[in-house]
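On a predicted model such as this, the values are computed, not experimentally measured, just so you know. Quick note: residue numbers are just sequence positions, from 1.
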Amino acid sequence: MVSADLARTSVGIIGNITALILFLSPVPTFFHIVKKGTVEQFSPVPYLATFVNCGMWVLYGLPSVHPHSLLVVTINGAGFLIETVYLLLFLIYCDRKQRIKVLLIMLAELVFLTVLTLLALTVAHTTKIRSDIVGSIAIVGNIMMYAAPLSVMKLVVATKSVEYMPFFLSLFSLLNGISWTVYALIRFDPYIVIPNGLGSLLGITQLILYATFYKSTKRQWAEKNATAEMGLAEMGQSVGSTKRSNVQSIMGGGRVAHPVLKGPSVVKELVIGAVLGLAAGGLWKMHHWNEQRKTRAFYDLLEKGEISVVVEEE
């Protein structure tokens with residue numbers, strides 16, 4: 001018979017592996033960004049959300065906050081470092097306006113993590129209270145991480161193209177959500193179950209969108225390649241018979257022919273994720289407080305002698 005602790009550790013190790021693959025899944029995206037020298041329409045939202053999320057779960061898994069959660073600390077510590085690298089690359093290759101916005105959000109997230117750590121370790125004096133405080137807030141961060149691709153999902157539906165929604169990021173979001181949901185159900189931890197359960201549903205939705213628009217994306221890629229080849233051929237024919245200024249005009253016209261898609265709003269999608277997280281956390285806390293009220297009422301009746309407890313002899 002496998003013990004609950006052994007099963008939980010085994011699933012936690014699987015969760016570490018799937019989460020590490022999830023954190024590394026954007027690597028092809030950043031190879032593309034570095035090769036092109038621009039972030040194009042790729043959004044920083046998933047990386048900003050995952051950055052602060054990992055920081056909160058590192059704090060949650062500390063022995064002084066939530067004992068016996070080493071596997072939570074290891075993977076989220078690795079994730080925090082990986083997301084830092086991604087964001088630094090994004091800052092290098094994005095435009096000045098976006099760079100300032102991303103830097104300000106990163107700074108705000110670091111200040112938030114510092115304040116939360118100080119409050120949790122100094123104001124709260126038991127691991128249970130610390131777990132409740134940090135866990136309730138971490139629910140919001142985890143749902144923000146899973147909900148961050150909503151911005152890209154909106155872009156997918158608008159353009160009927162999955163070009164800017166990396167497949168592996170969506171796939172391993174689903175696998176990671178399932179792994180950590182099972183981990184938290186073995187020894188029930190609502191702060192891990194709630195966001196990862198919702199994350200599993202969002203992962204399924206992303207894969208459905210990918211399957212729906214994959215063929216239309218291939219057609220769009222083929223059309224873009226054909227248009228580019230025709231443009232190059234026309235330019236080659238015109239070089240010998242027109243002036244350089246005319247050639248530049250034609251090139252400029254080629255660029256105008258391809259409309260630039262409006263990227264998703266960083267702040268808007270972070271707000272959406274925060275609202276979803278607060279809603280889920282609020283529902284859980286209402287349930288938690290209701291259970292505490294029932295427990296207090298039971299012991300009050302027991303002390304007054306209005307009820308009694310009978311223990312059956314074996």
Side-chain angles (χ1 to χ4, degrees), residues 19-58 75-114 141-142 144-156 158-159 161-173 176 206 217 220-221 224-225 228 251-252 254-256 258-274:
L20 182 60
I21 296 172
L22 170 64
F23 292 141
L24 294 176
S25 61
V27 167
T29 299
F30 280 91
F31 272 125
H32 175 82
I33 288 173
V34 172
K35 183 179 178 181
K36 293 289 186 179
T38 175
V39 297
E40 296 181 318
Q41 294 297 315
F42 289 107
S43 171
V45 174
Y47 314 110
L48 288 167
T50 307
F51 176 76
V52 69
N53 176 68
C54 287
M56 284 189 289
W57 285 107
V58 168
I75 189 55
N76 284 286
F80 188 84
L81 295 176
I82 292 170
E83 297 304 318
T84 301
V85 173
Y86 290 156
L87 287 170
L88 289 175
L89 286 172
F90 201 95
L91 289 170
I92 292 171
Y93 292 104
C94 67
D95 58 55
R96 184 175 180 276
K97 182 179 179 181
Q98 195 172 28
R99 185 178 296 116
I100 293 173
K101 185 182 293 185
V102 173
L103 274 172
L104 289 175
I105 293 174
M106 285 184 67
L107 179 62
E109 289 178 342
L110 289 172
V111 171
F112 167 75
L113 289 173
T114 302
N142 218 10
M144 283 172 64
M145 183 190 77
Y146 284 122
L150 285 172
S151 60
V152 183
M153 291 165 67
K154 179 182 176 181
L155 189 63
V156 168
T159 62
S161 171
V162 296
E163 183 177 2
Y164 297 107
M165 186 175 73
F167 171 75
F168 288 107
L169 186 61
S170 300
L171 175 62
F172 286 104
S173 289
N176 184 63
Q206 290 174 45
T217 304
Q220 289 181 26
W221 285 345
K224 285 182 180 180
N225 290 334
M251 292 174 67
R255 286 196 295 269
V256 173
H258 300 283
V260 179
L261 301 175
K262 184 180 179 181
S265 167
V266 175
V267 176
K268 179 181 176 182
E269 298 309 325
L270 286 177
V271 169
I272 291 174

I82 and T50, any side-chain heavy atoms less than 4.5 Å apart = no
So, for Q98 and P44, which heavy atoms are closest and what is the spacing to 0.1 Å?
-> NE2-CD, 3.8 Å
Say you draw a straight line from CD1 of I21 to CG of L171; how long is it, rounded to the nearest 0.5 Å?
-> 9.0 Å
Considering all heavy atoms, the nearest V58-N76 contact = CG2-C, 3.5 Å
Which value, rounded to the nearest 0.5 Å, describes the distance between F51 atom CZ and L81 atom CG?
-> 9.5 Å
Identify the heavy atoms of A19 and I75 that sit nearest to each other, and give their distance.
-> CB-CG1, 3.4 Å
Side chains of E83 and N53 in contact at under 4.5 Å (non-hydrogen atoms) | no
Please confirm whether Y47 and F30 have ring centers closer than 6.0 angstrom.
-> yes
Could you tell me which non-hydrogen atom of Y86 sits nearest to which non-hydrogen atom of P26, and how far apart they are?
-> OH-CD, 3.7 Å
Rounded to the nearest 0.5 Å, how far does CD1 of I100 lie from CG of L91?
-> 11.0 Å
What distance separates I33 CD1 from F42 CZ, expressed to the nearest 0.5 Å?
-> 5.5 Å
Would you call L48 and F90 a side-chain contact if the rule is heavy atoms closer than 4.5 Å?
-> no
Is the shortest heavy-atom distance from the side chain of F112 to the side chain of M56 under 4.5 Å?
-> yes
At what distance, to the nearest 0.5 angstrom, does OG1 of T38 lie from NE2 of H32?
-> 8.5 Å
Side-chain heavy-atom pair C54, F23 within 4.5 angstrom cut-off = yes
